[in-house]
Amino acid sequence: MALTLAQLWGWLSDDRVDDGLLEWPPDVGALTAVLLERTHAFRFVVSPPAGGTWPPADFSSRVSQAAAQWRQATEGDAEIPALVQQNWDTLFARLDTPIADIGSGRDWQACEAALILHAIADEVWADPGTVFRAQALERLAGTGSLATFPRDRVAHLPKSRTTSVGITHRSLSRYTCTTTDDIGVVWDRAPLRRPDRGPIRRHANILLLPWPLRISQADFVPVPGSVQRPEREPFGFFTYEPSEPLDLGLVDALLDAAAEEADAVDVVVLPEGRLDPAQITALEDLLARRGVPMMVTGMRPNADGTFARNAVHTSVFLGGRWWPYRQDKHHRWFLDAGQIETYSIAGALHPAVRWWEAMEIPQRQVHILDVGGGITVAAVICEDLARLDGVAALLRSVAPTLVVTLLLDGPQLGSRWTARYAGVLADDPGSAVLTLTPYGMVARSRPNGIPPSNVVAMWKDPARGLREIPLEAGAQAVLLTAVLDRSTRYAADGRRPADDATDLRLAGVHQIRATSSSSPAAGAAPSAPPMSSADLTVVTVWAQALARADDREAVLARMSRTPALDILRNLASGQEGGDTDLARVVEMAWRAAQEAVPS
């Protein structure tokens with residue numbers, strides 16, 4: 001029996017296919033996106049079937065007008081646009097139609113209606129400061145999807161860019177994407193601010209610490225009793241336990257040296273597995289006192305069971321607090337005889353054994369951090385960049401501005417695997433990719449017949465291509481300057497391009513050498529954030545809506561009643577936020593939203 005439109009949409013929506021769905025554009029966007037992907041009818045925007053034409057007359061203007069009205073309708077200020085209702089009625093009358101008829105183009109009216117509705121639902125997102133957007137992002141923070149449907153069936157998500165080449169289902173949308181893979185998405189927002197200097201607008205300075213600078217083979221430790229099947233293709237498990245201590249005095253001195261090259265350090269990045277939780281706390285304390293508002297590092301969490309998790313720890317300093325975010329690694333590192341010999345660690349791990357990283361494999365999840373200014377960041381670890389599974393597909397759909405890949409690997413050369421897989425994301429969807437590995441691993445890497453290298457990092461973006469980043473003799477860190485450029489969003493469905501995206505491109509590389517190292521003064525122990533990261537996201541999106549609103553009272557009337565949003569109400573009305581921890585955070589978010597409004 002052929003699958004019908006009613007069956008497909010009924011399963012996705014939990015049997016809620018009726019006119020009530022028109023009250024929430026992300027629901028319609030999700031349904032039409034799945035239909036167009038499942039049937040491959042997205043191809044008709046560039047190759048219509050016999051008897052069909054695309055796009056319709058005055059398509060871009062009509063979509064833009066309908067989207068604006070639909071946005072107003074969600075806020076109770078307008079009726080559902082006629083163009084939306086008309087095309088919804090066309091599809092609703094064909095609920096019993098096999099979706100194969102849409103995929104073949106035999107039912108062109110249904111194809112056309114789905115393409116038009118999809119375009120309008122996507123274009124609703126063109127205005128960044130609306131009540132609708134704040135409501136939708138509040139839903140996203142709470143459920144992992146903009147749509148109201150069961151998250152394990154379909155998720156509708158924001159996206160940062162669309163490639164201008166090729167044609168896939170992703171090519172039809174420039175603001176949103178849809179996935180039916182049951183992979184959790186955590187989308188957080190934390191405005192990145194320089195202390196007393198406001199939001200980052202023109203460039204960002206990234207300090208790479210490719211540490212440990214020395215790694216010994218004793219840092220690779222076989223798990224006792226883990227070798228199995230010794231008689232045939234034996235395998236076992238190992239842990240990575242770096243012995244080189246974290247030198248906070250050297251970090252402090254490197255920040256001083258970096259200050260001679262740049263106006264500020266905005267982000268500090270360390271490789272895979274570099275820090276344990278206690279070291280993270282100590283480094284965050286130092287960075288807070290030095291005015292560095294963001295850190296990305298590999299983390300070795302304390303084991304809760306047999307194996308520990310390998311994770312990325314990202315944190316943002318806002319409102320006097322560090323806000324922590326975590327992305328787990330999903331794929332174990334496998335060391336074969338060739339790699340063991342390349343890194344000269346046979347004294348620790350016998351090359352006759354196939355060694356797997358002793359790491360718990362968690363449920364798949366992707367974390368996206370919106371740091372403001374149109375910049376979204378995803379951080380992954382090593383093999384997660386290379387495995388073409390659901391996580392990789394989700395990253396291509398969400399299309400973060402920057403993908404940071406933390407490694408425990410050899411030199412980051414343009415001829416190696418990291419460059420190939422970074423090129424995939426740089427081409428489609430057009431993300432910039434930064435990789436970083438410890439110099440200690442680079443120094444140990446001695447492949448047969450290949451000269452030694454000092455390349456610890458790589459940057460690749462669609463505009464400037466690939467750049468290898470070495471750690472030169474005597475340097476302990478590298479400072480990158482990335483320029484923020486306004487760029488164009490495309491949609492293959494015939495809408496006019498929109499110049500409202502942000503790109504990052506590498507504009508400077510500086511070797512940083514510390515002339516001296518001393519122990520930094522101890523700081524106060526950090527206190528816990530006064531609210532969750534999801535609540536911080538909700539406060540920031542509503543602050544943006546208020547800052548951009550012509551009628552603040554209308555926005556205030558739509559806001560939920562929570563302690564944090566009540567403080568935001570007072571600030572928007574000209575009252576003091578108070579001196580509590582919660583009030584300070586909300587006030588910082590409110591100030592960041594006001595400063596981000598174009599003059």
Where the side chain of T162 meets the backbone of S173, is there a donor-acceptor pair that is under 3.5 Å apart? yes
For D461, salt bridge (charged side-chain N to carboxylate O under 4.0 Å, His left out) partners two or more places apart: none
Report the residues that fulfil side-chain contact (heavy atoms from CB on, under 4.5 Å) with A68, sequence neighbours left out, ordered by chain and then residue number. R71
Test item: side-chain donor near acceptor, Q109 and R94, under 3.5 Å: yes
If the threshold is 4.0 Å, N to carboxylate O, is there a salt bridge linking D182 and R153? no
Any salt bridge between D566 and R561, counting N to O under 4.0 Å? yes
Between S145 and H156, is there a side-chain donor-acceptor contact under 3.5 Å, judged purely by atom types and distance? no
side-chain contact (heavy atoms from CB on, under 4.5 Å) evaluation trace for F317 with M295: CA-CA 9 Å; F317 193 74; M295 178 177 74; over 6 Å; no
For R396, check side chain to side chain donor-acceptor pair (under 3.5 Å) against everything at least two apart and list the hits. D428
What are the two closest non-hydrogen atoms of V154 and A30, and how far apart are they? CG2-CB, 4.2 Å
Among pairs that include at least one residue of residues 53-72, which meet ring pair (Phe, Tyr, Trp, His ring centres under 6.0 Å), considering only residues two or more places apart or in two chains? W54-F59
Side-chain contact, heavy-atom cut-off 4.5 Å: V541 with R133? no
Pairing donors with acceptors under 3.5 angstrom, does anything connect the side chains of W88 and D19? yes
Is the closest side-chain donor-acceptor distance between S532 and D535 under 3.5 Å? yes
Would you give the length of the straight line joining atom CD1 of I206 to atom CG of L504, rounded to the nearest 0.5 angstrom? 7.0 Å
Locate the shortest heavy-atom distance separating A136 from L146; write the atom from each residue and the value. O-CD2, 3.4 Å
Answer yes if the side chains of T148 and D27 hold a donor-acceptor pair under 3.5 Å, and no otherwise. yes
Quick note, ring pair (Phe, Tyr, Trp, His ring centres under 6.0 Å) partners involving residues 545-571, not counting sequence neighbours, are none
Do L172 and V45 have side chains that get closer than 4.5 Å, going by heavy atoms? yes
Going by distance alone, is a donor N or O of one side chain under 3.5 Å from an acceptor N or O of the other, for Y175 and D500? yes
For the residue pair W187 and L369, establish whether any side-chain heavy-atom pair is separated by less than 4.5 Å. no
Please say whether more than 12 non-hydrogen atoms of neighbouring residues, nucleotides or ligands are located less than 6.0 Å from CZ in R16. yes
We want to know whether R189 and Q544 form a side-chain donor-acceptor pair, criterion being a heavy-atom distance below 3.5 angstrom. yes
Verify the distance criterion only: is there a donor paired with an acceptor across the side chains of S397 and T179 at less than 3.5 Å? no
Among residues at least two apart in sequence or on other chains, which ones pass salt bridge (charged side-chain N to carboxylate O under 4.0 Å, His left out) with R505? D485
Examine the side chains of D370 and T376 and answer whether a donor and an acceptor come within less than 3.5 Å of each other. no
Grab the two heavy atoms, one from V296 and one from A379, that are nearest each other, plus how far apart they are. CG1-CB, 4.2 Å
Please examine the side chains of H367 and D188, heavy atoms only from C-beta on, and report whether any two atoms are closer than 4.5 Å. yes
Quick check: are there more than 12 heavy atoms from other residues, nucleotides or ligands sitting under 6.0 Å from CG of D58? yes
In chain order, what residues pass the side-chain contact (heavy atoms from CB on, under 4.5 Å) check against V185, with sequence neighbours excluded? R151, L157, L394
Using the six-membered ring wherever Trp is involved, compare the ring planes of F44 and W108 and label them parallel, tilted or perpendicular (cut-offs 30° and 60°). perpendicular
Set of side-chain contact (heavy atoms from CB on, under 4.5 Å) partners for D15, sequence neighbours left out: none
Please tell me if the side chains of R486 and T502 come closer than 4.5 Å, counting only heavy atoms from C-beta onward. yes
Full working for salt bridge (charged side-chain N to carboxylate O under 4.0 Å, His left out) between D581 and R321: CA-CA 9 Å; D581 288 347; R321 299 289 186 278; 2.6 Å; yes
Is there any ring pair (Phe, Tyr, Trp, His ring centres under 6.0 Å) pair reaching into residues 127-150, and which pairs are they, with sequence neighbours excluded? W24-F132, W125-F132
Which residues pass the side-chain contact (heavy atoms from CB on, under 4.5 Å) test with E383, sequence neighbours left out? K329, H331, W333, R387
Taking the side chain as every heavy atom from C-beta outward, state whether T405 and C382 have any pair of such atoms under 4.5 Å apart. no
Decide, yes or no, whether a salt bridge links R495 with E123 under the criterion of side-chain N to carboxylate O below 4.0 Å. yes
Contact summary for A399 and S160, nearest pair of heavy atoms: O-CB, 2.9 Å
Do W323 side-chain atoms and L318 backbone N/O form a donor-acceptor pair below 3.5 Å? yes
Test item: N87 side-chain N/O and L83 main-chain N/O as donor-acceptor pair under 3.5 Å: yes
Contact check, side chains of S533 and Y325, non-hydrogen atoms, under 4.5 Å: yes
With distance as the sole criterion, is a donor-acceptor pair present between the side chains of S61 and R496 under 3.5 Å? yes
Residues passing the salt bridge (charged side-chain N to carboxylate O under 4.0 Å, His left out) test with R139, sequence neighbours excluded, are none
If you take all heavy atoms of M531 and A564, which pair is closest and at what distance? SD-CB, 3.9 Å
Can you list the residues that meet the salt bridge (charged side-chain N to carboxylate O under 4.0 Å, His left out) rule with R364, with sequence neighbours excluded? D389
Indicate yes or no: at least one non-hydrogen side-chain atom of T401 is less than 4.5 angstrom from one of V377. no
Charged N-O contact under 4.0 Å between D328 and R326: yes
Considering all heavy atoms of both residues, which atom of H330 and which atom of Q365 are nearest to each other, and what is their separation? CE1-O, 3.1 Å
Hey, are T178 and E37 close enough side-chain-wise for a donor-acceptor pair under 3.5 Å? no
